[in-house]
Amino acid sequence: MNIHNSPTSIEELMDRAVGMAGLSLAQLAAEHSLSVPKDLRRDKGWIGQLMELELGASAGSKPQQDFLHLGVELKTIPVDDTGKPLETTYVCVAPLLDTTGLRWHDSLVRHKLQRVLWIPVQGSRDIPLGERRIGMPVLWQPTPAEEQSLRQDWEEIIELIALGKVASISARHGEVLQLRPKAANSRAKTECIREDGTIGLTNPRGFYLKTAFTQQILRAAFAD
DNA sequence: ATCTGATCATAC
DNA sequence: GTATGATCAGAT
């Protein structure tokens, strides 16, 4: 199933995603003539890249949805044997400068999460990478309640950033959305607003979805 | 066992 | 550095 063309409809995208459910990562890698890394320590994005290949997502480092023409963002999510997410989900970089006038409706978080195709993959480190199996896909759109939760957290965090308090924002802020470092390492710096309004430097941050939130998404999808 | 801050590879 | 793809691993 070496498909490199981009799907022309959501239906076609879902057919492809359902088609790879149940396969092991080794099986899928073999179909694309890729070797399976020993582990993910130095290949943290390997599974995501593999899914992009199989589903025909646009490769590269473009700052847009994976399936722009379909309005769909692709996310792989590592889960344990009960289906519980093992990691938070990165959404996008957070603006630490020029936050004035930013509104939820126009935010990158809202745009990226308008429609997400979740691909659960066994993520336990006890399972050799190649033996981990791909689960049934979930096409998700935030319910009004979910969007409200996201919006509330986003507005709170953005407000703190605008007040120059980014340094005091920890991953504990937010019910469903959190702010955490997103960089090569802690020496990476980017400009931010200081409390006195001047410009300072701090570690780049990204928005992440907490595991309880993504667990709820997956549970609701498989509830029927 | 879970969470939070830190980190890894790659393209440009 | 910023953007893509995320998971690692020490602290709690």
Side-chain angles (χ1 to χ4, degrees), chain A residues 6 17 25 28-29 32 34-68 72-98 107-109 111-113 116-130 132 134-135 153 157 160 166-192 199-216:
Chain A
S6 189
L25 294 179
L28 196 58
H32 292 278
L34 294 177
S35 57
V36 181
K38 177 180 185 295
D39 54 48
L40 295 175
R41 275 185 296 181
R42 294 190 175 278
D43 296 272
K44 294 179 181 179
W46 184 77
I47 298 177
Q49 300 291 332
L50 183 58
M51 298 302 146
E52 289 184 346
L53 262 180
E54 176 66 13
L55 297 178
S58 56
S61 54
K62 305 181 206 88
Q64 56 192 216
Q65 287 167 311
D66 296 287
F67 301 95
L68 189 59
V72 174
E73 171 74 9
L74 175 66
K75 289 292 182 190
T76 61
I77 184 165
V79 296
D80 67 15
D81 288 336
T82 72
K84 182 179 180 180
L86 291 168
E87 293 288 348
T88 56
T89 301
Y90 172 69
V91 180
C92 61
V93 66
L96 303 183
L97 212 54
D98 302 324
S107 70
L108 199 49
V109 172
H111 188 68
K112 283 244 178 180
L113 298 182
V116 177
L117 177 58
W118 298 96
I119 309 290
V121 178
Q122 289 184 314
S124 169
R125 295 180 209 179
D126 295 336
I127 307 175
L129 185 54
R132 298 183 195 175
I134 302 162
D153 286 346
I157 292 170
L160 289 171
V166 63
S168 70
I169 306 174
S170 81
R172 297 166 189 77
H173 279 87
E175 294 295 320
V176 301
L177 193 69
Q178 64 183 180
L179 193 74
R180 302 220 310 279
K182 170 60 175 174
N185 53 58
S186 60
R187 277 82 69 192
K189 298 297 177 191
T190 193
E191 293 186 322
C192 68
I199 295 175
L201 292 176
T202 190
N203 189 226
R205 314 299 168 93
F207 285 112
Y208 294 78
L209 298 177
K210 294 188 174 183
T211 55
F213 185 67
T214 49
Q215 176 174 23
Q216 167 193 307

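Lettering follows sequence order; numbering is per chain, from 1. Keep in mind that this is a model prediction, so the values were computed, not measured.
- When the side-chain nitrogen and oxygen atoms of Arg187(A) are compared with OP1 and OP2 of dT7(B), one or more of them lie within a distance under 4.0 Å.
- Residue Thr190(A) places at least one side-chain N or O under 4.0 Å from the OP1 or OP2 atom of dT2(C).
- Side-chain atoms of Arg125(A) lie closest to dA9(C) of the nucleotides dG5(C), dA9(C), dG1(C).
- Between Thr88(A) and dT7(C) there is no side-chain N or O to OP1 or OP2 distance below 4.0 Å.
- A donor-acceptor contact under 3.5 Å is formed by the side chain of Tyr208(A) with the base of dA6(C).
- Between the P atom of dA6(C) and the NZ atom of Lys44(A) lies a distance of 13 Å, rounded to the nearest Å.
- In this structure, Gln178(A) reaches the dT4(B) phosphate: one of its side-chain N or O atoms is under 4.0 Å from OP1 or OP2.
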*Test side-chain contact (heavy atoms from CB on, under 4.5 Å) on His173(A) and Leu160(A) and set out the steps.*
CA-CA 11 Å; His173(A) 279 87; Leu160(A) 289 171; 3.9 Å; yes
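- Of the possible donor and acceptor atoms, one in the side chain of Asp66(A) sits under 3.5 Å from a partner among the backbone N and O of Leu74(A).
- At dT7(B), none of the side-chain N or O atoms of Arg180(A) fall inside 4.0 Å of OP1 or OP2 (strictly under the cut-off).
- The phosphate of dT7(B) has OP1 or OP2 within less than 4.0 Å of a side-chain N or O from Ser186(A).
- The base of dT4(C) is paired with the side chain of Lys182(A) by a donor and an acceptor separated by under 3.5 Å.
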